Trainee: 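Before I ask anything, here is the structure I am working with.
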2 protein chains.
Amino acid sequence: MNTLAEENYLKSIYHLSFDAETVSTNQIAALLNTKAASVSDMLKKLADKELVNYAKYQGASLTPAGKKIAVSIIRKHRLWEYFLVEKLNFKWDEVHDMAEEMEHISSTELIDRLDKFMGYPRRDPHGDPIPDSNGNFKNHKLAPVATVKVNASCVISGVSDHSPIFLQYLEKHKLTIGKTINVIDVIEYDNSMIIQTEDNKIHISRDVANNLLII
Amino acid sequence: MNTLAEENYLKSIYHLSFDAETVSTNQIAALLNTKAASVSDMLKKLADKELVNYAKYQGASLTPAGKKIAVSIIRKHRLWEYFLVEKLNFKWDEVHDMAEEMEHISSTELIDRLDKFMGYPRRDPHGDPIPDSNGNFKNHKLAPVATVKVNASCVISGVSDHSPIFLQYLEKHKLTIGKTINVIDVIEYDNSMIIQTEDNKIHISRDVANNLLII
DNA sequence: TAAAAAATTTAGACAAGTCTAAATTTTAAT
DNA sequence: ATTAAAATTTAGACTTGTCTAAATTTTTTA
Ligand SMILES: [Mn+2]
Ligand SMILES: [Mn+2]
Ligand SMILES: [Mn+2]
Ligand SMILES: [Mn+2]
C-alpha cells in the first residue's frame, strides 16, 4: 500500500502537528534525520497521493486519509511496545527501536488480534494512549512537571522524551508511570525542582521537569 | 546489516540447496518471482559480501556466513508463524505471508525472548523444524505419502506445498500434522491413493500424495 | 522597506533493486 | 563435432529515496 518511507513521513507529520496547525520542512527533516531537500521531494509525492496538504514554502498538514494511516502506524507501534514490555519482559527504554520496525508489519487483522490477545490495553509503556481499531483515542496534551506549583501533588502519566537515557534515569529514580509526586521546592536560579516521590526526595533539573508529564 | 532483498535471496538459496549442491539463477528467479537478470546482479553483490559462492554461469551456494543468516531468517519466520497460530489463533494457512514480513525484524534478542515466551517450540505450524538460538536444528527430509506402500501406516509430519489452497484442502479433510493414516490402495492409472485417516476414508490425487509428508 | 538571514525548493547525482532486450555461454541434440 | 536450444549475463533504462550545491522564496532585522 504505502512504502516504509511514506509511513514514516506521515507519522512524523502527525506527531509534529500536535503543536502546530502546519508542519515545516525543516521540522520533518530534523525528526527523521534527513535533509530538507529530501523532505520537499517526499511532500510532493504525498501531496500527489492526497495524503498531505502541501503548498510550496508553506508547510504541510495531513489530509484525513493521511491522518488515518498515521494513526494506524501509531496504533501498531504502541501495541507492539506493550507486547514487548508485558509479554516479553523488555524494559520501557528498550522497546522503541524494535517497535519502529514492527509498526510497518502491514496486516491490520494481526494487530487487532494482538490487541485482543493483550486485553485491549489503553496506554503503551510510556503512558501514550493506544488508538482502538477504528483509530479513535483521546490524545490530550499532558502538562510537564515543570508547570506544577510548590506543594501541589500530581501523578506521573507520560514522557515527552522517549530516549533510553532519559527513561533509564527515570527508572533509576522510580519516576515511572502512575507514581504520585509532590513538589517541595522550585529553585528559581535554574528552574530545577525538589520533589517528593513515593520512595524518596530528589532534585530534578529543568530538563527533566520539562520532559516528565503529569495529569 | 543486510537489506530485506539480500535476506530473501539468501533464504531462497538455502531452501533450494536442500535438493542440490548448487543452485541455478533461474531457480532463484522462479522462487522469488523476479527475473534471471536481477538474480545475476544480486549474486554478484552477495558474492562480494562473501555470503555466497558464485562463479558466472555455474550457479551459487551459500558460504557459512550466508547460511548462518539464512537460518536465522528461517528461525524468525517459523517462530512468528508459531506465535500467530498458537497465541493469536490464526489458522495454518493464514500465517505465511505475515511471517514473510516479520522474519525481517532485526532484533535477535526479541526473537530469543519470543522463543522463550512460547516455551521453545520445536516445529512450526506446518511441521517444519525451528532452529534454536545457535542455529542448530535437524532438517531431515521427509518422505511424501506417495512413497508409502499399500497397507503401511504413517504419521503426517509436514507439507512441501505451503500454499493456502493446499493447506485448506488438508484442513478440510483433517489431514493435519500428527494424524496417522493408512494406505488402502494405489490406483496405478493416475497414482492417486485411497487412504484411511483417523476420521474417514478418502481418495487423494497424486499431487496431494506428493506434497503431504510423513515420517 | 531594503538588506541579510533563514527556510525551502530545484537541479543534478548516486545507490539499491528491478526490468527488457541483446549478447554470451553452456547444454542438448543431431 | 556442429548446430540448435536453453540458461545466464551484460547493457541500458527506470523507480524510490537519498544527498550536496545552487537558486529561490520567505522571514527577520535594522
Ligand atoms: Mn516508541
Ligand atoms: Mn511509546
Ligand atoms: Mn511460511
Ligand atoms: Mn511454516
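Because only heavy atoms are used, hydrogens play no part in the values below, and waters and symmetry mates are left out as well, while side chains stay in. Every chain is numbered from 1, with letters handed out A, B, ... down the list of sequences. Nothing here was measured: the structure is a model prediction, and the numbers come from that model.
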Trainee: Separation of B:Asn33 atom CG from C:dC19 atom C1', in whole Å?
Mentor: 14 Å

Trainee: Can you pull out every ring pair (Phe, Tyr, Trp, His ring centres under 6.0 Å) where at least one residue sits in residues 3-42 of chain B? Sequence neighbours excluded, please.
Mentor: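 Non-adjacent pairs meeting ring pair (Phe, Tyr, Trp, His ring centres under 6.0 Å): zero.
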
Trainee: Go through the structure and list residues passing side chain to side chain donor-acceptor pair (under 3.5 Å) with B:His162, not counting sequence neighbours.
Mentor: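 Residues passing side chain to side chain donor-acceptor pair (under 3.5 Å) with B:His162: B:Asp128.
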
Trainee: So if I take every side-chain heavy atom of B:Ser40 and compare against D:dT10, C:dT8, C:dT18, which nucleotide ends up nearest?
Mentor: D:dT10

Trainee: With sequence neighbours left out, write down each residue that passes salt bridge (Lys or Arg N to Asp or Glu O under 4.0 Å) with A:Asp112, or none if nothing qualifies.
Mentor: A:Arg75

Trainee: Between A:Lys35 (NZ) and D:dC19 (P), how many Å, whole number?
Mentor: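 Result: 6 Å.
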
Trainee: Can you tell me if the side-chain N/O atoms of A:Thr3 get under 4.0 Å from OP1 or OP2 in D:dT16?
Mentor: no

Trainee: For B:Asn210 and B:Ala146, work out which heavy atoms get closest and say how close.
Mentor: OD1-CB, 3.2 Å

Trainee: Between P on C:dT9 and CE on A:Met42, what's the gap in Å once rounded to a whole number?
Mentor: 14 Å

Trainee: Hey, does the side chain of A:Arg206 reach the backbone of A:Asp190 with a donor-acceptor pair shorter than 3.5 angstrom?
Mentor: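 Looks like no, no N/O pair under 3.5 Å.
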
Trainee: Using a cut-off of less than 4.0 Å, is there contact between a side-chain N or O of B:Lys44 and OP1 or OP2 of D:dT9?
Mentor: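 Looking at the OP1 and OP2 atoms of D:dT9, neither is under 4.0 Å from any side-chain N or O of B:Lys44.
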
Trainee: Between D:dT18, C:dT18, D:dT9, spot the one nearest the side chain of B:Ala36, thanks.
Mentor: D:dT9

Trainee: Once you round it to whole Å, what is the distance between P of C:dA11 and CG of A:Asp41?
Mentor: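 Rounded to whole Å, this separation is 11 Å.
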
Trainee: Any donor-acceptor pair under 3.5 Å linking the side-chain atoms of A:His77 with those of A:His96?
Mentor: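 Their side chains do contain a donor-acceptor pair, which is all the 3.5 Å distance test asks for.
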
Trainee: Using ring centroids (six-membered ring only for Trp), state whether A:Phe83 and B:Phe83 fall under 6.0 Å.
Mentor: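 Yes.
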
Trainee: Check DNA chain D against residues 4-32 of chain B and give the residues with a non-hydrogen atom under 4.0 Å, in numerical order.
Mentor: B:Ser24, B:Thr25, B:Asn26

Trainee: Which of residues 46-58 of chain B sit near DNA chain C, with a heavy atom under 4.0 Å from it?
Mentor: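 Output list: B:Tyr57, B:Gln58.
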
Trainee: Give a yes or no on whether the backbone of B:Ala55 and the side-chain of B:Gln58 come within a donor-acceptor separation of less than 3.5 Å.
Mentor: no

Trainee: Hey, could you give me each pair passing salt bridge (charged side-chain N to carboxylate O under 4.0 Å, His left out) that has a residue in residues 11-30 of chain A? Not counting sequence neighbours.
Mentor: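 Every pair satisfying salt bridge (charged side-chain N to carboxylate O under 4.0 Å, His left out) with a residue in residues 11-30 of chain A: A:Lys11-A:Glu100, A:Lys11-A:Glu103, A:Asp19-A:Lys141.
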
